[in-house]
Every structure is written in C-alpha cells, then in structure tokens.
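Below: one structure, written as structure tokens.
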Amino acid sequence: MDPNRTSQPFREFSHRLSLIFMITLAAALLLLGRAETYVFDRARQTVTDLAAPLLEVASRPVAATRRLIQRTDEYAYVFDENERLRAENQRLQAWREKALKLEARLARYEALLSVQLDPSIKYVSGRVVSDNGGPFVDTVLVNVGGDQGAKSGQAVIDGNGLVGRVVATGPHASRVLLLTDLNSRVPVAIEPSHYKAVLAGDNTKWPKLEYLAVSGAVAPGDRVVTSGDGGLMPAGLPVGVVIQTSEGDLRVQMFSDRDRLDFVRVLQYQFPGKVKRQDPPEGLKDEPEPVASAAAAGGNASGSSGQGE
Amino acid sequence: MARLDPYTPTPAARAGRIVMTVVPFAVALVLVFLSFLPIGRIFGSSVMPAFAFIAIYYWAVARPELLPPMAVFAIGLIFDLLSAGPIGLWAFVYLFAYALTVTQRFFLINAPFSVFWIGFGAVAGIAGLVAWAAASLFFGQALAISPILWHMGMTVALFPLVAVVLTRIQARVLPGT
C-alpha cells in the first residue's frame, strides 16, 4: 500500500488542526498585547533594528526616484515658479525690515527685564526610511538612532513644521509617532489668542484640537504652534493652521506633509533645569501632630516586623 | 493491482522539498519588507499596500501545503512587529483570510483570472472588515474607516501585478505544481 496515500487524510486533519491552533495563538497574542508587556517591546525593537539597515539601503533608490520626479516637475513650472518667487521675495524683503526692527526692540526689552532665554536647540538630521506601518498606525522609521543621540520623547520636524515625536530608539534607527496617529497627543497653543489645547491624532489626515477652553476664540486660519507644556518639546515650533470641518469641529491642517516625508530633524531639546521637589515651609512641617505620630507608629510596626524576620 | 515501493527521497528530491517549503515563505517575507518601503511617497501618498496578503491568498489557492498556517502566522507576526500596531492583529487577520480562502479553494483553483481577482477582492474586503473590528476593539474606540479602505483597495488594485510575479516563480522555481 502507498504510504503517501494513507497519510493524506491525516495530513489534511493536521493542517486544519494547526490552522485552528495558530488562529487561537494570534488571538491570544492580541489580547496579551493589551497589557503592553516588556517582552513584546523588546521583540519589536529587535525586529526593527534588524530591518532598519535593510530599509535604509532599499529606500535609497526610492528616494532618488522621488527626487527625480520632483525635479522634472519643477522644470515644467520653472517660469511660473520664478515669477512667483520674485513676488514673494519682494514681500519678504519688507517683512525682513520689520523683523529686524522687532528683533532689536525685543532684545532691548529682554535685556531690561532680564528674561531667561531658551537655550539654543541642537538637532540631528536623518531620513525617513519606512512607510507608515499599516492602516491603524501612523509611525515611520528614521535613520537616526540612540548612537546619534536620539531619545524617546524628542520632537521631530521637517522643513515646514512639527512631524511627530520619537517613541522608541534602537542604536541606528528610531520610530517616530506622527501627529496623525491615534495615540499622539501634543500640547499646543493657538497663536494670536494663545489659547492652549491638545492636538490629538485619530488616524485621519487632520488631527483634532482637544481640551480647548474657549472654542469661540479660535477661528479657522489661526496658527497652531507647540506650547512647550510638559517640557518635552520646545515651545513655538510651527504645527499647522486651524481648519473647520463640515461637522463643525476644529481640526489642524499641518505644515509638514505626512505623505512626502523625506529629510527630518530630531531636536535634542532638554528642558532647561529640573524643578526640585517642593518641601512644605518649615512652620508647617511638624504641625499635624496625630498624622505624624501615626506614621511613626507605622514605622515602628514595620521595624519590629523586620526584626521578627 | 500495481504495488508501489515505499518512497525514499533522493538527496536531490530532498533539496527540492526544502526549496519548495522555503520559497513561498521567503517570497512572502520579501513582500512584507516591500510594503514598508516608502514607495507610495514617490507619488505623494502614504497608503501602503499589503503585498504579503496577495502572496498568502495566492498560495492558499494554488498550493496551500507549501505555505502552512505556521508560515502565515509568522508573516503576519513580522508585519505586526515592523509596524507599530497591535501585535497579533495581522497574524490573526491573515490566518483568518487564509482559512477562508482554503475552504473556498475549489471555486477558485481552475477559474479564469478575473474570478481569481474578484475572489481576492471579496477576501480582502472581509479581511479588512475583520481587521478594522479587531483594531477598534483593541483601541477601545471606533477607528476611522478610510485608511483600511485605502489599504485594501490599493492591495486589490495591485493584485494582478504581484500575482503575475508569483505565477512566474511558481512555474520556474516550483515546477510540476
């Protein structure tokens, strides 16, 4: 008898069994992943580190093609573009005069008030080497890693504005959470009125403005910049402009182009100085007598139990 | 009745068998990697197609025994690890789509290419829905539906391109199948 023939039904059965087992395993992983365990993070980091150099090399021709196409596009509109730039240049010259005057005046005021100035920010430039990572996440890999000084939490900008922030770093690559991602929350300020809000991504192209105290004071077209609250990002990085959707909620059209990310900068901003823990004033320190004695009793109890062991 | 001798594979046959089990998986792995290349950015779009999903569907119809469930699981898991999404999501969805395709295999196996393509469209649609539901449950909120529509739509649109390459590979590297 042919052994291959007898094994056929058995093989089909084992195929089906392993299919059921694997589906169950995947579902179990999905449930376990809710807990955000350390093991998963390590596994993800390892795979990312392995893939990053490959992606880096493979994305070079892609980037070159993109630049070539962009260049040909530019050639087609070179005259119109020139015309437009000339007009813009004239307008900007006037602005420059104004800015210089204001800069001088500001420096004088700052000197008079002895304002604490923000330290200048160092940055590392890198290239985006991966795509967004599927329909439910908006993250990219950048070829700037821990070896170049990238750290979790650092802001990432492109030529036009804020892109996102670093959420994980390996030695040679980091993962950047884009502003549009579901999990992205960035404290921002809306410029002329300086109202504070939180820019919250929801996987659509335009992130929402949340926790806006007075939405009436904000109009479409207002500039959105980072507020620097929390000390993670420097204040005043350009983010985008306020737009209003047809449903009436306020969202932000970003200056950075998520679909054409190429070179980006990782800002190595350090919040100037740590705030020390605030101790209560001397006079209040030993005021609440019963609490202090209870704490002392607790201390004694634990001390005695420690002796007992 | 002819009595067959017990089958003892020659070294060449053994090597052939290794190639047969490795090639579909390796091709799918390359396709996962290809998904993460920022190709869409050339055209100013951040939509990425799921190339590996096409390979899974293709082998599930053509030769499911060459791409066992374990391989599908591994492909999905690597996709999950490379993307920053929930771990196990695409492993689950790909296995689900694989199971669905294997059970409907006999409608598709000798059908013309258009039916093969439409079948993929149906499987991709269902898989997209399952993925969206699972991700929404994971994140505890109804997610935006447009990214998954784009993702699956792009994949279905690029199906013939990848399917042709896979057919070539099957004809060249895995003859007699």
Side-chain angles (χ1 to χ4, degrees), chain A residues 1-5 11 15-16 18-23 25-34 40 43-44 46-48 51 54-55 58-59 62-63 65-66 69 128-141 167-168 175 177 181-183 202-204 257-262, chain B residues 3-4 6-7 33-48 50 64-65 68-70 72-73 76-96 98-99 102 128 131-132 134-135 137-139 141 143-144 146-152:
Chain A
M1 216 171 96
D2 179 11
N4 290 328
R5 196 161 291 181
R11 214 189 272 170
H15 190 262
R16 194 153 296 178
S18 90
L19 188 57
I20 291 167
F21 173 71
M22 285 297 163
I23 289 185
L25 187 62
L29 273 183
L30 200 52
L31 285 177
L32 271 177
R34 279 297 279 151
F40 283 1
R44 176 171 285 158
T46 311
V47 171
T48 309
L54 284 174
L55 279 170
S59 70
V62 175
T65 315
R66 174 177 42 203
I69 288 177
V128 171
V129 293
S130 88
D131 219 323
N132 287 21
F136 304 119
V137 278
D138 251 345
T139 65
V140 290
L141 291 178
V167 284
R175 190 177 286 286
L177 188 75
D181 188 276
L182 190 68
N183 292 313
D202 61 352
N203 284 359
T204 61
D257 189 350
R258 165 179 82 144
D259 293 340
R260 288 179 194 275
L261 286 178
D262 193 3
Chain B
R3 193 183 149 82
L4 294 170
Y7 174 65
F33 189 70
L34 208 62
S35 277
F36 282 92
L37 277 185
I39 300 170
R41 300 238 160 93
I42 294 176
F43 315 104
S45 134
S46 56
V47 180
M48 61 185 279
E65 66 273 21
M70 202 157 67
V72 178
F73 176 80
L77 195 65
I78 289 168
F79 192 100
D80 284 327
L81 288 170
L82 272 176
S83 92
I87 286 179
L89 176 68
W90 289 105
F92 178 74
V93 173
Y94 286 170
L95 276 168
F96 175 83
Y98 176 81
V102 167
W132 178 80
L137 280 175
F138 184 90
F139 288 117
Q141 54 181 293
L143 297 178
S146 64
I148 182 74
L149 284 181
W150 273 108
H151 179 70
M152 284 303 175

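First the proteins, then the strands, lettered A, B, ... as listed; each starts at 1.
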Would you give the length of the straight line joining atom CZ of A:F136 to atom CZ of B:F139, rounded to the nearest 0.5 angstrom?
8.5 Å
Non-hydrogen atoms of B:L77 and A:L29 that approach each other most closely:
CD1-CD1, 3.6 Å
For B:A84, is it the side chain, the backbone, both, or neither that has a heavy atom closer than 4.5 Å to a heavy atom of chain A?
both
For B:W90, is it the side chain, the backbone, both or neither that has a heavy atom under 4.5 Å from a heavy atom of chain A?
side chain
Between A:T65, A:T46, A:T139, A:L54, which residue shows the highest count of heavy-atom pairs closer than 4.5 Å to chain B?
A:L54
Out of B:A99, B:S83, B:P38, return the one with the most heavy atom pairs under 4.5 angstrom to chain A.
B:P38
Atom of A:V137, atom of B:G85 and distance for their closest heavy-atom approach
CG1-CA, 3.5 Å
Identify which part of A:R258 has an atom lying under 4.5 Å from any heavy atom of chain B, answering side chain, backbone, both or neither.
both
Cut-off 4.5 Å, heavy atoms of chain B, and the answer for A:V129 is backbone
Taking A:D138, A:N203, A:L55, A:V47 one by one, which has the highest count of heavy-atom pairs under 4.5 Å against chain B?
A:L55
Chain A contact via B:A131 - side chain, backbone, both or neither, heavy atoms under 4.5 Å:
both
Counting heavy-atom pairs closer than 4.5 Å to chain B, which one of A:A58, A:A27, A:P135 comes out on top?
A:P135
For B:Y98 and A:H15, take the angle between the two ring planes, folded into 0 to 90°, and tell me which bin it lands in: parallel under 30, tilted 30 to 60, perpendicular over 60.
tilted
Nearest 0.5 Å please: distance from the CZ atom of B:F96 over to the CG atom of A:L19.
11.0 Å
Please determine whether side chain to side chain contact (heavy atoms under 4.5 Å, CB included) holds for the pair B:L81 and A:T48, giving the CA-CA distance in whole Å, both sets of side-chain angles, and the decisive distance to 0.1 Å.
CA-CA 7 Å; B:L81 288 170; A:T48 309; over 6 Å; no
Over all heavy atoms of both residues, which pair between B:I39 and A:D131 is shortest? Give the atoms and the distance, please.
N-OD2, 4.2 Å
When B:L89, B:I87, B:V93 are each screened for side-chain contact (heavy atoms from CB on, under 4.5 Å) with A:L30, the one that passes is B:L89
Honestly, the part of B:F36 sitting under 4.5 Å from a heavy atom of chain A is both
What are the two closest non-hydrogen atoms of A:D202 and B:A144, and how far apart are they?
O-CB, 4.0 Å
